[in-house]
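The figures that follow rest on heavy atoms only: side chains count, while hydrogens, waters and symmetry mates do not. Naming: A, B, ... by sequence-line order, numbering from 1 per chain.
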Protein chains: 2
Amino acid sequence: MLTTDASDLRDLIELVGPKAVRTDKEATPFMTDWRGRHRGNALAAILPATTDEASRVVTFCRDRGITIYPQGGNTGLCAGGVPPEEERRCIVLSAGRMRRIRELDAVGDVAVVEAGVTLSALHDAVLSEERLFPLRLGSEGTAQIGGLISTNAGGTGAVRYGVMRDLVLGLEVVMPDGNVLRRLSGLRKDNRGYDWKHLFIGGEGSLGFVTAAALKLFPAVRDEAHAACVVESPEAAVALFGRLRKRFDTAIHAFELVSGGEVALALKHVPGLRAPFDPLPEWILMIELGNSDPDGRLSERLTGFLERSLSDGMILDAVIPATVQQAADLWAVRHSLSEANKKEGHGVVFDIAVRVSRVPEFIAGATALIEQLMPIAEPLYVCHLGDGNVHVIAMIPHGALPDRVSLDNSVARLQEAIHDLSESIGGSFSAEHGIGRKLAPELARRLPPTEWNTMRQIKRALDPMDLFAPGVLMQASPDDE
Amino acid sequence: MLTTDASDLRDLIELVGPKAVRTDKEATPFMTDWRGRHRGNALAAILPATTDEASRVVTFCRDRGITIYPQGGNTGLCAGGVPPEEERRCIVLSAGRMRRIRELDAVGDVAVVEAGVTLSALHDAVLSEERLFPLRLGSEGTAQIGGLISTNAGGTGAVRYGVMRDLVLGLEVVMPDGNVLRRLSGLRKDNRGYDWKHLFIGGEGSLGFVTAAALKLFPAVRDEAHAACVVESPEAAVALFGRLRKRFDTAIHAFELVSGGEVALALKHVPGLRAPFDPLPEWILMIELGNSDPDGRLSERLTGFLERSLSDGMILDAVIPATVQQAADLWAVRHSLSEANKKEGHGVVFDIAVRVSRVPEFIAGATALIEQLMPIAEPLYVCHLGDGNVHVIAMIPHGALPDRVSLDNSVARLQEAIHDLSESIGGSFSAEHGIGRKLAPELARRLPPTEWNTMRQIKRALDPMDLFAPGVLMQASPDDE
């Protein structure tokens with residue numbers, strides 16, 4: 001059907017009402033990514049209020065040949081939730097007005113929520129029922145459930161509760177043909193056919209538009225313990241994790257290894273923070289324990305555990321916050337690192353996963369590569385160590401930034417080397433941040449041909465017209481079979 | 001390519017060697033299902049020794065138009081692992097000779113195992129590293145990893161560790177085109193593209209042949225506590241679960257609600273068992289707690305918990321085994337129920353899942369339906385209550401069995417009613433046993449059209465020639481779009 005942009009917009013407004021359509025200045029926040037590095041273009045941002053409306057928008061776009069870019073809270077780190085920078089006949093399809101919590105079953109431990117519900121709104125809602133939805137992210141005031149599902153978000157709690165994929169019991173999705181795929185029963189066991197939800201979880205919006213989800217709930221945490229430790233090396237940190245796991249198992253709610261240099265940047269740039277150790281050591285471990293049993297005596301047991309680890313030298317020092325405020329101060333340091341990095345300079349970030357057993361090897365290799373390929377950068381690390389997830393930050397201070405071309409060249413060389421290193425250790429070059437546009441070329445190059453072909457077959461089967469998010473996750477390739 | 005059965009067999013023997021080919025009497029065990037109710041036919045059972053051999057077999061079959069029925073330990077309950085009863089040009093493809101444990105990483109908590117490894121062989125192997133692979137089934141001496149993955153097996157430990165789907169980190173699969181799809185890195189986080197493994201988990205062999213898997217390992221259990229309780233009703237059992245969950249959370253390793261009538265059958269038919277209570281009550285709860293911390297004082301804490309629940313009437317009686325032997329005796333009763341049912345008569349079994357909150361409602365409804373539609377049967381229940389999984393057994397004693405036609409008619413009517421009831425409560429008619437051939441008609445009828453179409457689209461994309469297990473999971477339908 002030949003139509004003009006103007007008539008398409010007019011018809012969209014008629015279809016879903018003016019409240020659902022954002023154009024021009026109102027559309028700007030939907031067009032630019034979280035990091036401000038990608039500025040996209042689209043006819044409009046469309047915000048349906050219901051699944052039925054979303055279905056009608058998708059059908060409309062399918063009929064008119066208008067591409068769809070699904071978007072949640074737009075807090076993604078790989079420019080996957082925004083439309084292309086080049087001119088394109090497309091819309092942003094946002095879940096932002098679908099904010100209902102449809103059901104809270106505290107006995108069945110299930111919440112059925114719409115895709116536009118923010119993570120912190122969900123946290124608040126379940127707390128009143130003494131339940132917990134355990135995904136935690138810095139961006140939780142803005143990040144939406146649909147986006148968190150589509151990107152399979154991670155976070156510090158994954159060591160205990162897994163990633164988003166492990167927390168979804170069912171989905172409701174508007175498919176590229178406009179039909180609604182729905183299984184929101186929220187059952188812990190269900191062997192009726194293919195578990196298709198897992199294609200949309202981490203599918204980055206390329207197969208359909210997530211409109212609602214059934215999510216797992218857990219008992220509220222009623223006892224906590226925290227500690228910061230000095231360890232000599234990543235090897236010592238891995239050894240401590242093994243020992244801690246044996247004693248505390250699922251009571252470990254966070255196990256974070258960070259460079260002393262990262263903490264130094266936080267103290268330098270973010271006001272109101274306190275150094276856990278002075279002088280700052282090279283490696284700091286931050287541990288959080290939690291339990292639904294208020295009488296679990298976690299602080300006492302953690303203290304005893306750390307005393308033993310101190311006396312046999314597995315750790316070199318430890319601080320255990322004595323009050324709730326001190327614990328909050330400790331974690332405030334951890335949660336200030338991104339902000340500190342932005343203020344210090346240009347941080348080249350890699351989001352790598354390897355086996356826990358191979359983290360020390362990877363860190364040593366990455367440090368050597370940065371020294372070799374980007375000597376002006378300081379190698380810094382922030383690791384969700386319990387998951388084998390290492391964030392490498394090659395930090396270039398503002399004053400030392402080279403010209404754009406030189407920077408881009410060394411970043412490309414460093415990325416190549418870091419990704420090769422992770423591959424050689426059996427790791428992943430995208431542990432939790434996903435692919436988006438940023439890493440789509442890497443995925444196309446590095447995924448083995450059989451995996452790539454399987455992805456293309458699935459995409460072609462469910463979205464034969466490439467209606468959803470072309471260019472995100474999968475680069476278009478003329479060589480595709 | 002036009003070939004005869006004889007020449008195909010000859011060529012297969014030449015391709016993979018005589019050790020890999022079973023025909024005639026040697027093939028019989030592969031042709032009949034676990035329950036002895038389905039007797040299939042095939043050219044041969046083929047047992048490749050390596051992934052490469054498996055790939056060559058699949059390519060051979062694809063080229064010759066020979067259908068493939070993948071099979072693991074052949075312990076499935078829905079006749080999904082055996083070839084058709086009617087004559088058909090097909091083979092059974094068995095993982096039985098692929099029994100290597102390729103890797104055991106006790107620090108990274110990953111085991112990479114081939115599909116023919118039995119569950120108990122894996123249990124033994126990881127125990128030597130003080131690890132645990134927590135899936136537990138009665139058939140574990142025979143059930144194989146590949147089959148457990150393809151059927152997404154459950155078990156009593158799901159309340160703590162989830163089902164097989166939750167324990168798989170990666171797969172190696174021979175696809176219908178003969179190519180090998182492989183991601184065995186065994187990472188806890190990996191956001192590189194679609195999570196295709198979940199199509200094969202629970203895919204019942206309809207999309208490819210699983211040859212290896214990377215599986216999650218856990219700390220060994222070093223403290224346990226057990227109890228049997230008398231509860232007045234399923235409602236009381238659900239309430240107790242909520243209270244127990246708050247106090248013990250992930251220390252709950254099993255929470256089973258069984259009819260006193262089931263325990264009576266076990267005592268009647270299986271020698272050496274002891275009644276936990278005398279007289280037997282209507283409802284018995286069996287609880288198992290576990291922890292990797294040997295100093296967790298689980299028995300003491302469970303005792304205190306049950307004393308409190310006794311004094312406020314949430315439970316009516318409790319027994320806590322005082323020795324390891326007594327605990328084993330208690331669970332021997334639970335694990336003898338299937339055998340007892342077989343000896344007592346004909347048990348019509350339904351494997352239903354509902355929300356935990358709705359289990360009492362379902363049990364009441366199912367009891368009424370059995371009384372109405374099959375009054376000669378005794379309604380008995382064995383529930384993995386923590387997952388909302390209710391096994392309904394309408395038990396017809398041997399002496400009371402009607403003629404075959406009448407039996408089939410009332411079974412069909414009862415199934416219809418039980419499945420309708422589960423659907424009306426938002427449940428699943430196949431919690432853990434899967435679909436196979438037994439429930440393929442139900443899946444085709446009851447799955448919403450959008451879900452059915454999505455399944456068909458995925459099947460057509462990955463197995464366009466319908467090479468793998470036609471008739472299993474999905475009934476062929478002329479109405480398919």
Novice: Considering the options B:His198, B:Glu451, B:Gln457, which one meets the side chain to side chain contact (heavy atoms under 4.5 Å, CB included) requirement together with A:Trp196?
Specialist: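 The option that passes is B:Glu451.
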Novice: Show the numbers, then the answer: is there a side chain to side chain contact (heavy atoms under 4.5 Å, CB included) between B:Tyr194 and A:Leu473?
Specialist: CA-CA 9 Å; B:Tyr194 297 152; A:Leu473 187 63; 3.5 Å; yes
Novice: Salt bridge or not between A:Arg355 and B:Glu103? Use side-chain N to carboxylate O under 4.0 Å.
Specialist: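 Yes, charged N to carboxylate O under 4.0 Å.
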Novice: At a 4.5 Å cut-off on heavy atoms, which part of A:Phe429 comes close to chain B: side chain, backbone, both, or neither?
Specialist: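 Interface part for A:Phe429: both.
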Novice: Do NZ/NE/NH1/NH2 and the carboxylate oxygens of B:Lys246 and A:Glu130 come within less than 4.0 Å?
Specialist: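 Looking at B:Lys246 and A:Glu130, the cut-off is met.
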Novice: Quick check on the interface: out of A:Leu462, A:Val163, A:Val110, who has the most heavy-atom pairs with chain B under 4.5 Å?
Specialist: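 The option with the most such pairs is A:Val110.
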Novice: With a 4.5 Å heavy-atom cut-off, do B:Asn191 and A:His433 have their side chains touching?
Specialist: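 Counting from C-beta outward, B:Asn191 and A:His433 never come under 4.5 Å.
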Novice: B:Arg358 versus chain A, heavy atoms under 4.5 Å apart: side chain, backbone, both or neither?
Specialist: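 Contact with chain A is absent: no heavy atom of B:Arg358 under 4.5 Å.
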Novice: Which atoms form the tightest heavy-atom contact between A:Leu447 and B:Arg192, and what is the distance?
Specialist: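 Closest heavy-atom pair between A:Leu447 and B:Arg192: CD1-O, 4.2 Å.
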Novice: Using heavy atoms and a sub-4.5 Å threshold, report which of residues 177-185 of chain B line up against chain A, by residue number.
Specialist: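 From residues 177-185 of chain B, the residues near chain A are B:Asn179, B:Val180, B:Leu181, B:Arg182, B:Arg183, B:Leu184, B:Ser185.
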Novice: Should B:Val107 and A:Phe241 count as side-chain neighbours, where that means a heavy-atom distance under 4.5 Å?
Specialist: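 They are not in contact (no side-chain heavy atoms under 4.5 Å apart), so the answer is no.
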Novice: B:Asp190 versus chain A, heavy atoms under 4.5 Å apart: side chain, backbone, both or neither?
Specialist: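 Contact with chain A is through both the backbone and side chain of B:Asp190.
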Novice: Let me see the working for A:Arg188 and B:His384 under side chain to side chain contact (heavy atoms under 4.5 Å, CB included), right down to the final yes or no.
Specialist: CA-CA 11 Å; A:Arg188 288 300 197 282; B:His384 303 301; over 6 Å; no
Novice: Could you tell me which of B:Gly426, B:Pro219, B:Ser430, B:Gly186 has the largest number of non-hydrogen atom pairs under 4.5 Å with chain A?
Specialist: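 Counting heavy-atom pairs under 4.5 Å, the top option is B:Ser430.
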Novice: Of the backbone (N, CA, C, O) and the side chain (C-beta and beyond), which part of A:Arg446 lies under 4.5 Å from a heavy atom of chain B, both, or neither?
Specialist: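 No part of A:Arg446 comes within 4.5 Å of chain B.
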Novice: Using the test side chain to side chain donor-acceptor pair (under 3.5 Å), find all partners of A:Arg247 that sit at least two apart in sequence or belong to another chain.
Specialist: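 Only B:Asp293, B:Asp295 meet the side chain to side chain donor-acceptor pair (under 3.5 Å) criterion with A:Arg247.
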Novice: Taking every non-hydrogen pair under 4.5 Å, which of A:Gly202, A:Gly427, A:Pro448 racks up the most with chain B?
Specialist: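 Option with the greatest count: A:Gly427.
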Novice: Heavy-atom cut-off 4.5 Å, strictly under: side chain, backbone, both or neither for A:Leu199 against chain B?
Specialist: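 Both backbone and side chain of A:Leu199 come within 4.5 Å of chain B.
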Novice: Which atom names give the shortest non-hydrogen contact between A:Gly193 and B:Ile435, and what distance separates them?
Specialist: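 Closest approach of A:Gly193 to B:Ile435, heavy atoms only: N-CG1, 4.3 Å.
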Novice: Which distance, rounded to the nearest 0.5 Å, do you find between the OG of A:Ser428 and the CG of B:Leu187?
Specialist: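 These two atoms lie 6.5 Å from each other.
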Novice: Can you give me the closest heavy-atom contact between A:Ser292 and B:Asp249, atom names plus distance?
Specialist: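 Nearest heavy atoms, A:Ser292 then B:Asp249: OG-CB, 3.3 Å.
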Novice: Can you tell me which of A:Val159, A:Val356, A:Leu207 forms the most heavy-atom pairs within a distance under 4.5 Å of chain B?
Specialist: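 When all of A:Val159, A:Val356, A:Leu207 are compared, A:Leu207 has the most.
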Novice: Heavy-atom cut-off 4.5 Å, strictly under: side chain, backbone, both or neither for A:Ala158 against chain B?
Specialist: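 Contact with chain B is through the side chain of A:Ala158 alone.
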Novice: Taking side chain to side chain donor-acceptor pair (under 3.5 Å) as the test, write out the residues that go with B:Thr454, two or more places apart.
Specialist: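 With sequence neighbours excluded, B:Thr454 shows a side chain to side chain donor-acceptor pair (under 3.5 Å) to no residue whatsoever.
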Novice: Flag the one option from A:Ser206, A:Gly388, A:Pro294 with the top tally of heavy-atom pairs under 4.5 Å to chain B.
Specialist: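 The answer is A:Ser206.
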Novice: Kindly state each residue pair satisfying salt bridge (charged side-chain N to carboxylate O under 4.0 Å, His left out) with at least one member in residues 148-159 of chain A, sequence neighbours excluded.
Specialist: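 Not a single pair qualifies under salt bridge (charged side-chain N to carboxylate O under 4.0 Å, His left out).
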Novice: Step by step, would you call B:Arg160 with A:Thr250 a side chain to side chain contact (heavy atoms under 4.5 Å, CB included)?
Specialist: CA-CA 11 Å; B:Arg160 160 64 178 100; A:Thr250 54; 3.1 Å; yes
Novice: Counting heavy-atom pairs under 4.5 Å with chain A, which one of B:Ala353, B:Ala106, B:Ala431 comes out on top?
Specialist: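 Option with the greatest count: B:Ala431.
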Novice: Counting only non-hydrogen atoms closer than 4.5 Å, does A:Asp387 touch chain B with its backbone (N, CA, C, O), its side chain (CB onward), both, or neither?
Specialist: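 Both parts, backbone and side chain.
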